[in-house]
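Notes to accompany the following structure.
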Amino acid sequence: MTRLTGNDIKDVSQDLQKLEDELIRLTGRKIKNIACEAVGMWEHAINPEAFNVAVVPVTSGLGVISRFTESVRDICNWLGMNAHVTKTTDVQGFAEAITEKADMILMADDNEFIAYNTEEMRYSDNSSCTAKGYIAALNAAAGSILGKEVLVVGAGRVGTKACQFLLAKGSKVAVTDIDLEKARKVAEIHKGTRVIEDVEEAIRNADYIINASPAHIDTGNIKEGAVISSPGVPHTFDKEAYNKAVIIHDPLVIGAATMIMQSAYYSYKGCRR
Ligand code: 2YJ
């Protein structure tokens with residue numbers, strides 16, 4: 001799984017308004033609208049102000065990423081919640097969050113990034129929610145992807161989840177990966193998924209793409225007018241690619257916002273239903 005770097009996320013907090021404006025332009029929706037649509041939730045179903053969120057820095061493995069917890073806190077606050085970064089880290093930070101009666105606890109190590117709902121004792125996870133969030137953004141930017149074929153590039157965790165959710169949403173799904181075995185395995189698990197062996201050819205023919213791969217996509221292979229919803233990092237599309245296609249990307253926000261709203265939605269606390 002690709003690990004975020006401090007450089008990937010250094011501007012996330014200061015660029016939230018910029019991303020909001022960009023998403024409105026491309027999808028007609030704000031960050032929160034996309035997150036709510038992604039998890040099948042009516043935007044006003046919960047009162048975000050009722051959620052006290054603790055974000056716990058995790059030092060294990062490769063350690064803290066510069067501005068990671070602060071960015072996650074700022075995303076929560078952008079959604080209208082009351083979030084802070086705990087003073088202590090790791091297990092001690094988790095204990096601190098529980099002691100101060102946080103409604104939601106967010107933490108990430110090198111493999112998992114979760115939003116734990118303390119009332120419901122359930123968590124949402126970032127890989128699933130990144131897939132859901134980027135599908136919702138693609139659906140909105142495309143008008144609708146119901147009955148349309150969507151190419152999933154990359155058969156890792158996010159790509160696999162994307163295939164599952166796209167099929168459930170009524171799209172036709174094709175998957176490609178430089179590691180063909182991975183693509184075949186996804187198609188075996190999620191019946192109805194078509195494997196395309198030649199990655200470049202797959203991209204050349206695709207109108208709708210979920211790019212869940214860290215690999216570079218050549219601008220020359222992108223179809224004019226394609227819609228590319230792209231959680232993959234590093235993000236290497238050039239200016240010409242942006243002129244050719246609708247490209248939706250941010251390194252953290254869409255996936256995290258979806259995960260946060262999903263976790264909130266588990267709870268009846270602050271719910272207006
Ligand atoms: O607390 C911190 O600053 C760090 N322990 C954050 C680590 C962030 N983790 C990652 O970037 C991993 N790749 C897991 C993210 C899951 C995305 N689906």
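As the structure lists them, so they are numbered: ligands from 1, and atoms in each ligand from 1.
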Handout entry: Atoms of ligand 1 close to S127 [distance to a heavy atom under 4.0 angstrom, numbered from 1]
Key = 18 (N)
Problem - ligand 1 contacted by G61 (non-hydrogen, < 4.0 Å) - result: no
Problem - Contact check, D109 vs ligand 1, heavy-atom distance below 4.0 Å - result: yes
Handout entry: Side chain to side chain, D103 and S267, heavy atoms closer than 4.5 Å
Key = no
Completion exercise
To atom 5 (N) of ligand 1, the nearest of S71, G156, A108 on a heavy-atom basis is A108
Exercise for the section: Answer yes or no: does an N/O atom from L4 fall short of 3.5 Å to an N/O atom of ligand 1? Expected result: yes
Problem - Which atom of S230 lies closest to which atom of N211, heavy atoms considered - result: OG-ND2, 3.0 Å
Problem - Min N/O separation F113 to ligand 1 under 3.5 Å - result: no
Practice task
Examine V158 against ligand 1 and note whether any of their N/O atoms are separated by less than 3.5 Å.
Solution key: no
Exercise for the section: Check whether any side-chain heavy atom of I98 lies under 4.5 Å from a side-chain heavy atom of I105, and answer yes or no. Expected result: yes
Exercise for the section: Please report the closest heavy-atom contact between V12 and V253, naming both atoms and the distance. Expected result: CG1-CG2, 3.8 Å
Practice task
Kindly give the heavy-atom pair with the smallest separation between I46 and A264, and that separation in Å.
Solution key: CD1-CB, 3.7 Å
